[in-house]
Structure formats: C-alpha cells, structure tokens
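Take a look at the structure below.
In what follows, every chain begins at residue 1, and chains take the letters A, B, ... in the order their sequences are listed. Every value quoted in this text rests on a predicted model; they were computed, and no experiment measured them.
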There are 2 protein chains.
Amino acid sequence: MIVRKKDSNSLVHDEVYKKLRDNILYGFLRPGDVLTLRGLASEFSTSVMPVRESVRRLWSEGALKLSVSGRISIPTLNSDKFNELIRLRKIIETELAVKAMPRAHKALIDRLELINGKMEFFAKSREASLYIGANMEFHRTLYLRAQSPVMLSILETVWLQLSPTIRFGLSENWNLLDKNEHDYILKALKKKDSEDLSILIDKDVSICENLFLLF
Amino acid sequence: MIVRKKDSNSLVHDEVYKKLRDNILYGFLRPGDVLTLRGLASEFSTSVMPVRESVRRLWSEGALKLSVSGRISIPTLNSDKFNELIRLRKIIETELAVKAMPRAHKALIDRLELINGKMEFFAKSREASLYIGANMEFHRTLYLRAQSPVMLSILETVWLQLSPTIRFGLSENWNLLDKNEHDYILKALKKKDSEDLSILIDKDVSICENLFLLF
DNA sequence: GAATTTTATATGTGATCACAAAAAAAAATT
DNA sequence: AATTTTTTTTTGTGATCACATATAAAATTC
C-alpha cells in the first residue's frame, strides 16, 4: 500500500531522504558510524524500499559511504579530501557571494544580522547543531540571492560532506569561533565592496580548516 | 536470483548506471526525450529494481529530470541554467588545470597531443559523439593530474548536465570548432605559464557557449 | 467536427520475498 | 588463553506484486 501524507504529494523516499540528510547535516551522526537499511527503515517506520532510494541518493552526493559489499557508513575524511572540500567551499562561496551582492538590499542584510545574532548566541552556549544550523542559514540566505540554483545545490553537497567532520571538530575547539567574521562580511555587503567580500568569505571558510580532526 | 558478472564484483544497478550515463554523455539522448523504468529494464534485460536505483542516482546528479508524477526525461536547459553550468565549468576547470600543471610532464603532454589529434579528426569528419568523447578525454586526462577526485566528480556531473544540449547544438554549428584552443593550452602547459593556462581554459569553454540552442 | 467525458493502458512507488555474501557469534582446536 | 574453524545471524541486492495515479485512447455529447 502506498503511504502518502494526506493532501500532499510528498513521497516516502523523499521524506526519509530529508530526515537522514538533516541528521548528517546537523551533526547527529559521526564519521565512521554504521547504518543499515532495515535499521533506518524501522527507525522511520517504513519498508526498506524508500530507504534504499534515499541512501543511494545520499551516497551519490558523497554524504554516505558504501563499502564494496554495500555496507553503509558515514565517511571519514582524510586531510586531502578535507582540504579539497574546503577549497571548493571557497571557490563556490566567493562566486555566489559576489553574484548576490548587487541584489543584497537592506531587508536582506537585516535578516542576515538577525541570523548572525542567533548564531553568536549558540556559539556562546556551545550548542553545536544549533550553531551549525544558524551558520549555514546565514550563508544560504545570502547565496540564495545569487539565483544560481545549480551552484547552490552543489555547495550543499559540499557542506553535507564536511558536516560530520566539522561537527566533531567543533566540540573540542569552540574557542576558534571567538571572533565572528560575519560582522565584517555584513560591513562589506553594506559598502558593496566585492573585493573585500571575496577575501572575507575566504577567511570565514578558513576558520573551518582548523576544525579538522583525524578519527 | 542475483545476477552478477562472473568473477567480478560489479553490480547490475551500477552497470545500468554506466550504460545510461554514457548514453547521455555521448549524446544518444536528446533534451526532452522520455524514458520509462520498464522500457529501460527490458532494454538492459533486467528488472526494474536496478534501473530505479540508477535513475535515482542520475537524477540526483542533474542528468535526468523527474516530473512531479515521477516521469523520467532528459532535461531541457534554459539559458540561465546553461550559463550557470558554463560558469561552473570555467571555475572548476581553471582550478583543476592550474593544479595539474606542475605535475604535467612530457609523457602526459604527449598523450594529450595524441588525444587532441584524434579530436581534430572527429571534428573534421563530423562525428559528434566521437568528437565529444575525445574532447572530454583531453580535459579529463589533464585534470586527473590535479589529484582532486571530489572536484573532478563534480565537474563530471556538470558535463553530464550540459552534454545533451551541447550535442545537438553541435550538429548545426560544426564551423564553430574550426580553430582548436587545445593547441594553445598545450603550449601554455609546456611553458608552465599558469596565468595563460587559466585564460585559455576559460576561452576553450567559452566556445561551448555558442552551442546553446533553444528547443 | 471539436470538446468533453469515460474507459483503458502505462507507469512510478512501496512492500515483500529469496538469496548470496559478509559479519558476528559460537564451538573446536591448538 | 589464543587462534582457527564452523555455525548462525545480519545485511544488501534483485525480482515480483499490488496499487494509485498519470497518460493515452475511445466513446459520447454538443
């Protein structure tokens, strides 16, 4: 029997995908963690089919690792891969920020300031997944203005690959977040200084570089 | 019954994925073409299951479009999306080329020259899918030296999204390929001039921009 | 004859099953 | 006690089925 949410066209495999993705994105799964189709299926109270489809999807996004025998786990990044992903963040995010800048009017900057305040609060209170969520929301809100859906979705797969590693690097390095680059980013946005903006986005991403831990 | 290739650990869904991907990549499917699970299953003489998994995978790579009701088709690009993909090619390919350059020794350049000759032949003989294949091989061979697997795989999904549109733009614009930028790229590689190399890669990708046709 | 309704077919989704192969657990051996 | 072998359990894959719904075809109405 096909189970659909009432009065909605959402599909089970898509719901499972979103839940699983968010668990990875907000740091509820650590690198190396092992998952099983049947385990996930019973956790999300469904059959294995929708889980299979969402696992296949997350795997092709680099968010999950499949062993040669198909065993599912959260990837552990070596430093080469980590640096590559950081470099990708820098390239794509500076591109998106510069493209968004001309369309970043007062209303948007106000919203960014609000999100930024929220993020600073979560940094102080050491709430990792809320901090990560607010940080991503800040960047995402800005980049959405670039109106470059393909780039944004690629960036999101990059985030997805970095998240578990950064999340657990964070637990032991909260002090790294003491100074908040976002304030300077907002200033550059107000001044419409794209040169500065590029450099600052690059710098902001650089902070993450120090969160790398070997597992 | 599970059907595996003898003495090999290749899986059916992976084989189906590769075949379907190559059909898209080498231009055997045009934008708008409609596919069905059962149709593909019988074409590849398998059941729908492996096809479902590979279609889901190609869809998440942007190579296939799924309608709200799940109907499968080859995406048609509007000019915004096309330009975004071209921009992505430029950003990622210049990055990879520059990173590959220090490791591009004589043996590699010799191989690139060989591939380039092949490509020029297929351009003259107007064999579109062979031309596309040789062109991709040229770029891929160079970029492999950058040893950046994540970037390369992202680039490949970008190619996958552009392929069908470019392929059928090509049929009516062979003349655009008269002058071959690859020769200059090879010169820059020999001179180890990364400044020049960036510009030339950018230029080479630009040629594709003119192959955009509305369907 | 064109537009609308009805019927029939095709298609994607989710559930379930069998099976091979990989892990894990248990038993036997050294 | 540690290692090897055997047995059991777990797990992913591929096949098949039922079903809802979207699309196509046929019939009906105006």
Side-chain angles (χ1 to χ4, degrees), chain A residues 1-21 23-24 29 31-76, chain B residues 1-21 23-24 29 31-76:
Chain A
M1 181 109 63
I2 291 177
V3 182
R4 284 204 152 89
K5 272 191 170 176
K6 277 190 177 171
D7 294 322
S8 152
N9 59 354
S10 75
L11 297 169
V12 179
H13 71 80
D14 203 56
E15 294 297 317
V16 171
Y17 166 80
K18 284 176 189 154
K19 286 178 191 165
L20 196 45
R21 183 201 56 190
N23 272 296
I24 297 168
L29 293 164
D33 276 0
V34 174
L35 304 170
T36 65
L37 293 179
R38 288 170 178 84
L40 291 166
S42 79
E43 186 163 351
F44 297 130
S45 2
T46 176
S47 77
V48 288
M49 271 305 311
V51 178
R52 277 170 77 167
E53 306 230 51
S54 58
V55 164
R56 184 72 56 204
R57 193 172 157 195
L58 284 160
W59 166 71
S60 94
E61 292 174 356
L64 291 175
K65 180 187 168 190
L66 295 183
S67 77
V68 279
S69 66
R71 248 359 122 59
I72 308 152
S73 62
I74 306 294
T76 55
Chain B
M1 182 109 64
I2 292 176
V3 181
R4 285 201 150 92
K5 271 190 170 178
K6 276 191 177 168
D7 294 321
S8 152
N9 58 355
S10 73
L11 298 169
V12 179
H13 70 80
D14 204 55
E15 292 298 316
V16 171
Y17 166 81
K18 283 174 190 156
K19 286 177 192 165
L20 196 44
R21 184 202 55 191
N23 272 295
I24 297 169
L29 293 164
D33 276 1
V34 173
L35 305 170
T36 65
L37 294 179
R38 288 169 179 84
L40 290 166
S42 80
E43 185 162 352
F44 298 129
S45 3
T46 177
S47 76
V48 288
M49 271 303 314
V51 177
R52 276 170 77 168
E53 307 230 50
S54 58
V55 164
R56 184 73 56 203
R57 194 173 155 194
L58 285 161
W59 166 73
S60 94
E61 291 174 359
L64 291 175
K65 179 186 167 189
L66 295 184
S67 76
V68 278
S69 67
R71 249 357 123 59
I72 309 152
S73 62
I74 307 293
T76 54

Look at the side chain of A:Arg52 against the base of D:dG14 and say whether a donor-acceptor pair falls under 3.5 Å; ignore hydrogens and angles.
-> yes
Touch class at under 4.0 angstrom, heavy-atom based, for A:Ser67 against every strand present = nothing
Whole angstrom is fine here: how far is it from NZ in B:Lys65 over to C1' in C:dG12?
-> 16 Å
B:Ser73 OG to B:Asp33 CG distance, which is reported to the nearest 0.5 Å = 9.0 Å
OP1 or OP2 of C:dG14 sitting under 4.0 Å from any side-chain N/O of A:Thr46?
-> no
May I have the distance from A:Leu66 (atom CG) to D:dG12 (atom P), rounded to whole angstrom?
-> 9 Å
Distance (rounded to the nearest 0.5 Å) between B:Glu43 CD and B:Asn23 CG = 7.0 Å
With sequence neighbours excluded, give me every salt bridge (charged side-chain N to carboxylate O under 4.0 Å, His left out) pair touching residues 56-66 of chain B.
-> A:Glu53-B:Arg56, B:Asp14-B:Arg57
Looking at C:dG12, does its base get a donor-acceptor pair with the side chain of B:Arg56 below 3.5 Å?
-> no
Please round to the nearest 0.5 Å and tell me the distance separating atom CD1 of A:Ile24 and atom CG of A:Leu64.
-> 4.5 Å
Please figure out whether A:Ser45 or A:Arg38 has its closest DNA chain C nucleotide nearer the 5' end.
-> A:Ser45
Can you tell me how far C1' of D:dC19 sits from CG of A:Leu11, to the nearest Å?
-> 14 Å
Atom-to-atom span, CE of A:Met49 to P of D:dG12 - whole angstrom = 14 Å
OG/B:Ser54 to CZ/B:Arg21 distance, rounded to the nearest 0.5 angstrom?
-> 11.5 Å
Calculate the interatomic distance between A:Arg71 atom CZ and D:dG12 atom P; express it in whole Å.
-> 6 Å
Would one find a side-chain N or O of B:Ser69 under 4.0 angstrom from OP1 or OP2 of D:dA22?
-> no
From the candidates C:dA15, C:dG14, D:dT23, the one with an atom nearest any side-chain atom of A:Ser47 is C:dA15
At under 4.0 Å between heavy atoms, what does A:Leu40 touch on the DNA or RNA strands: base, sugar-phosphate, or nothing?
-> nothing
Hey, does A:Ile72 reach any base, or is it just sugar-phosphate, or nothing, if we go heavy atoms under 4.0 Å?
-> sugar-phosphate
Would you kindly give the CZ-to-C1' distance between A:Phe44 and C:dA15, to the nearest whole Å?
-> 18 Å
Tell me: CG of B:Leu37 to P of C:dG12, nearest whole Å?
-> 4 Å
Just how far, in rounded Å, is P of D:dG14 from CD of A:Glu53?
-> 13 Å
